[in-house]
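The residues of the chain are indexed from 1 along the displayed sequence. All values below come from the heavy atoms of this structure, side chains included, with hydrogens, waters and symmetry mates left out.
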Amino acid sequence: MFSLVVCTIDRFDQLERLFLSLMNQRQRDFEVILVDQNPDDRLLELIGSFSPSFAIRHIRSPKGLSRARNNGMAAANGDYVCFPDDDCWYEPDTLEMAERLFAEHPELAIVTGRTLDAGGLASVSPTGEISLAVTRWNYLKCGNSNSIFVRRAALPDIGGFDENLGVGSDSPFQSGEEADFLLRALAAGKRLMFFPELIVHHDQVTSEYGPRQIERARKYGRGFGALMRKQRFPLAYVGYRLCRPVAGWLAALVRCRADTARYKRAWLMGILEGYATWPRWGRG
């Protein structure tokens, strides 16, 4: 059985879209752990309308994505656990495909896949089109939290998501929790593999560079900087990751794209801030 840990706040229509896609799953042995971070009962009617179609366990959690996921994992009963966002949706064979991959590869603790928009283009994060083992050096190109499927039996060795990282955390580090989860799995000796045929859908993240996006870039950059410090990446790797936004910033300035330049600079400054301040906040 699969346990789908769905953490949600301030969404309704997108959550309904996800639930509609779950009604079409060819693999029917699953439960939804709906981790509700809303302050009211706005989701009760939606839950009631889908409960006859599949099992929904409704739990409450304080804000913070990593905290909510950990609370959901603690309630999970399935052999496999996954973490679909409340604004993603599944192909009819998504769970069937994940089950087949685990059966064909009993040595794997985690399988990951691609996140595509409705038109089949990569969204949220870039991925490749060939299967490959996940390593410390390619983890950023091997999916995101939407496409992480993990054997529940491996979770005691891996641990939960770091609650100092991720959207809604009490810390300044508003990203990096899913990469940290994968890297800790590798450090625990687990085997992970990316499969492009395992597909989850998510709309494209906006390409606009307005004030909200620039602010978010700085917060997410802090998470990435903290991740590199926590995971003790070598300085050469850190330097490489800093050079990318520097190059983007300078290129935007040359092309007189002020909003893009501000966005790239915010990401750069966020990485530097996160890397410098992680020990102050994190557990090390």
Side-chain angles (χ1 to χ4, degrees), residues 1-7 18 21-22 25-35 54-57 59 61 65-85 88 90-115 124-125 127-128 130-136 138-163 165-166 176-200 231:
M1 184 175 74
F2 284 83
S3 291
L4 282 62
V5 177
V6 182
C7 305
L18 170 61
S21 77
L22 296 180
Q25 288 302 294
R26 293 202 285 264
Q27 209 287 14
R28 302 296 301 173
D29 193 7
F30 66 88
E31 63 175 357
V32 172
I33 311 295
L34 186 64
V35 189
F54 51 82
I56 303 177
R57 299 170 62 195
I59 67 175
S61 177
L65 182 56
S66 292
R67 181 182 296 118
R69 282 179 176 158
N70 288 341
N71 290 335
M73 281 194 293
N77 292 319
D79 301 297
Y80 312 109
V81 182
C82 49
F83 312 97
D85 286 345
C88 79
Y90 278 2
E91 286 273 304
D93 69 343
T94 295
L95 293 179
E96 182 181 65
M97 179 66 68
E99 183 180 42
R100 180 176 68 79
L101 292 170
F102 276 120
E104 292 177 353
H105 301 275
E107 76 282 4
L108 297 179
I110 294 176
V111 299
T112 70
R114 290 193 291 172
T115 303
V124 183
S125 61
T127 50
I130 59 171
S131 301
L132 73 163
V134 181
T135 72
R136 247 176 100 78
N138 68 8
Y139 67 99
L140 290 175
K141 295 182 179 181
C142 293
N144 57 78
S145 57
N146 286 308
S147 61
I148 292 174
F149 296 77
V150 57
R151 294 185 194 270
R152 187 161 65 95
L155 288 175
D157 293 332
I158 301 171
F161 290 90
D162 189 332
E163 295 181 11
L165 297 171
E177 77 289 346
E178 62 210 56
D180 177 66
F181 183 83
L182 297 178
L183 291 167
R184 283 190 288 108
L186 290 169
K190 305 301 179 184
R191 297 183 65 179
L192 294 61
M193 198 157 182
F194 164 77
F195 295 94
E197 63 267 35
L198 179 58
I199 294 172
V200 176
Q231 291 292 337

Verify, without hydrogens or angle tests, whether Arg184 (side chain) and Ile158 (backbone) share a donor-acceptor contact under 3.5 angstrom.
-> yes

Rounded to the nearest 0.5 Å, what separation is found between the SG atom of Cys82 and the CG atom of Leu95?
-> 6.0 Å

Pick from Phe54, Tyr90, Phe102, Tyr80: which one makes a ring pair (Phe, Tyr, Trp, His ring centres under 6.0 Å) with Phe2?
-> Tyr80

Shortest non-hydrogen contact from Asn77 toward Glu31 = N-OE2, 2.9 Å

Donor-acceptor contact below 3.5 Å, side chain Gln25 vs main chain Glu91 | yes

Within a strict 4.5 Å, meaning less than it, do heavy atoms of the Glu177 and Asp162 side chains meet?
-> no

Close side-chain approach of Leu65 and Phe161, heavy atoms under 4.5 Å | no

Taking every non-hydrogen atom, the tightest pair across Gln231 and Asp180 | NE2-OD1, 2.7 Å

Which atom names give the shortest non-hydrogen contact between Val81 and Ala76, and what distance separates them?
-> CG2-CB, 4.2 Å

Between the side chain of Ser66 and the main-chain N/O of Leu165, is any donor-acceptor distance below 3.5 Å?
-> yes

Rounded to the nearest 0.5 Å, how far apart are CZ of Phe149 and CD of Glu99?
-> 11.5 Å

Starting at CG of Leu186, measure out to CZ of Phe181 and round the result to the nearest 0.5 Å.
-> 11.0 Å

Using the side chain to side chain contact (heavy atoms under 4.5 Å, CB included) rule, take Leu22 and Leu4 through it: C-alpha gap first, then chi angles, then the decisive distance, then the call.
-> CA-CA 10 Å; Leu22 296 180; Leu4 282 62; 3.6 Å; yes

How far apart are the closest heavy atoms of Asn144 and Ser125, and which atoms are they?
-> ND2-OG, 3.2 Å

Any idea which heavy atoms bring Ala185 and Ile110 closest together, and the distance?
-> CB-CD1, 3.8 Å

Is Asp85 salt-bridged to Arg69, going by a charged N under 4.0 Å from an acidic O?
-> yes

Taking the side chain from Arg26 and the backbone from Glu96, do they hold a donor-acceptor pair closer than 3.5 Å?
-> no

Could you go through residues 188-199 and list every donor-acceptor pair under 3.5 Å that involves a side-chain atom there, pairing it with any protein atom two or more places apart or in another chain?
residue: Lys190; atom: NZ; partner: Asp157; partner atom: OD2; Å: 2.8

Check whether the side chains of Thr115 and Asn146 place a donor and an acceptor atom closer than 3.5 Å, and report yes or no.
-> no

What is the minimum heavy-atom distance between Cys142 and Thr112, and which atoms define it?
-> O-OG1, 2.8 Å

Measuring from Ile148:CD1 to Glu178:CD, what's the distance to the nearest 0.5 Å?
-> 5.5 Å

